K.L.:
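Provided herewith is a single structure, encoded as structure tokens, for subsequent inquiry.
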Amino acid sequence: MTIRPILIHPDPRLKKVADPVTEITDDLRRAADDMLETMYDAPGVGLAGPQIGLMKRILVMDCSKDPEGSRNPMVLMNPEITWASDELNTYEEGCLSIPEQYAEVTRPAQVEVRWLGLDGQLHEQRFDGLWATCVQHEIDHLNGKLFIDYLSPLKRQLITRRMIKLKREMARA
Ligand code: K1U
Ligand code: ZN
């Protein structure tokens, strides 16, 4: 498994709609393993294909808060939200592609998602709490949307300017 570099906003690949997965190849299985390792290393609770420049509809997540530290990694391909609750939840979100910037985003509190698993089977599950927030944040990535797109243009511009500066500093280092 390999830790892959995470793209930092602004990057045109983070604004594109990712392509559906049509075949579960060994390359895709390796990419899913790499995405999980990259997510755990960051550390983060989710990661979507476009964040490592993989323009496929694949995401990984693990929002388990097991005190014994046991992991619950999930790999979702071609995920679709089939139901969203009327109840809303506000969470202070972060993003591995927008380091050290956080803002409150309001989304449905529960969602049902259908996806293709690495086993080639269709799965459907209801998500709640941080899992629900995370899966919606990751599906947004597959559609070229970032959490800052929910903020006012002024806040978005401020964060984008910070990221341009950060990328300039990282390139110099
Ligand atoms: O997609 C990403 O950029 C990953 C992102 C997912 C996410 C976080 C918070 C709310 C919704 C979605 C992250 O994982 S940012 C890092 C983070 O929030 C975190 C890291 C370690 C433990 C708990 C949270
Ligand atoms: Zn993100």
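Whatever order the structure lists ligands and atoms in, that order sets their numbers, starting from 1. What you see is a predicted model; the values in this text were computed from it and never measured.
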K.L.:
With the 4.5 Å side-chain cut-off for hydrophobic clustering, are Leu54 and Leu142 part of the same group?
P.N.:
no

K.L.:
Apply side chain to side chain contact (heavy atoms under 4.5 Å, CB included) to residues Ile148 and Gln101 and explain how you reach the verdict.
P.N.:
CA-CA 9 Å; Ile148 55 169; Gln101 305 299 314; over 6 Å; no

K.L.:
Angle class for the His123/Trp115 ring planes (parallel below 30°, perpendicular above 60°, tilted otherwise)?
P.N.:
parallel

K.L.:
Under a 3.5 Å threshold, I'd like every N/O contact between ligand 1 and protein atoms, with atom names and distance.
P.N.:
from, atom 1, to, atom 2, distance (Å)
ligand 1, 1 (O), Gln51, OE1, 3.3
ligand 1, 1 (O), His137, NE2, 3.2
ligand 1, 1 (O), Glu138, OE1, 3.1
ligand 1, 1 (O), Glu138, OE2, 2.6
ligand 1, 1 (O), His141, NE2, 3.4
ligand 1, 3 (O), Gln51, NE2, 3.0
ligand 1, 3 (O), Leu96, N, 2.7
ligand 1, 14 (O), Val45, N, 2.7

K.L.:
Might you work through the salt bridge (charged side-chain N to carboxylate O under 4.0 Å, His left out) test for Arg4 and Asp34, ending with a clear yes or no?
P.N.:
CA-CA 7 Å; Arg4 307 242 194 139; Asp34 289 354; 2.9 Å; yes

K.L.:
Take Gln51 and Met35, measure what side chain to side chain contact (heavy atoms under 4.5 Å, CB included) needs, and give me the verdict at the end.
P.N.:
CA-CA 9 Å; Gln51 292 181 279; Met35 285 172 66; over 6 Å; no

K.L.:
Over 60° means perpendicular and under 30° means parallel, so classify the ring planes of His137 and His141, tilted if in between.
P.N.:
perpendicular

K.L.:
Among residues at least two apart in sequence or on other chains, which ones pass side chain to side chain donor-acceptor pair (under 3.5 Å) with Thr133?
P.N.:
none

K.L.:
Provide the tally of protein N/O/S atoms nearer than 2.8 Å to the Zn ion (ligand 2).
P.N.:
3

K.L.:
So does Leu146 get a backbone contact from the side chain of Asp149, meaning a donor-acceptor N/O pair under 3.5 Å?
P.N.:
yes

K.L.:
Scan residues 115-133 for pairs that pass salt bridge (charged side-chain N to carboxylate O under 4.0 Å, His left out), counting only residues two or more places apart or in two chains.
P.N.:
Glu112-Arg126

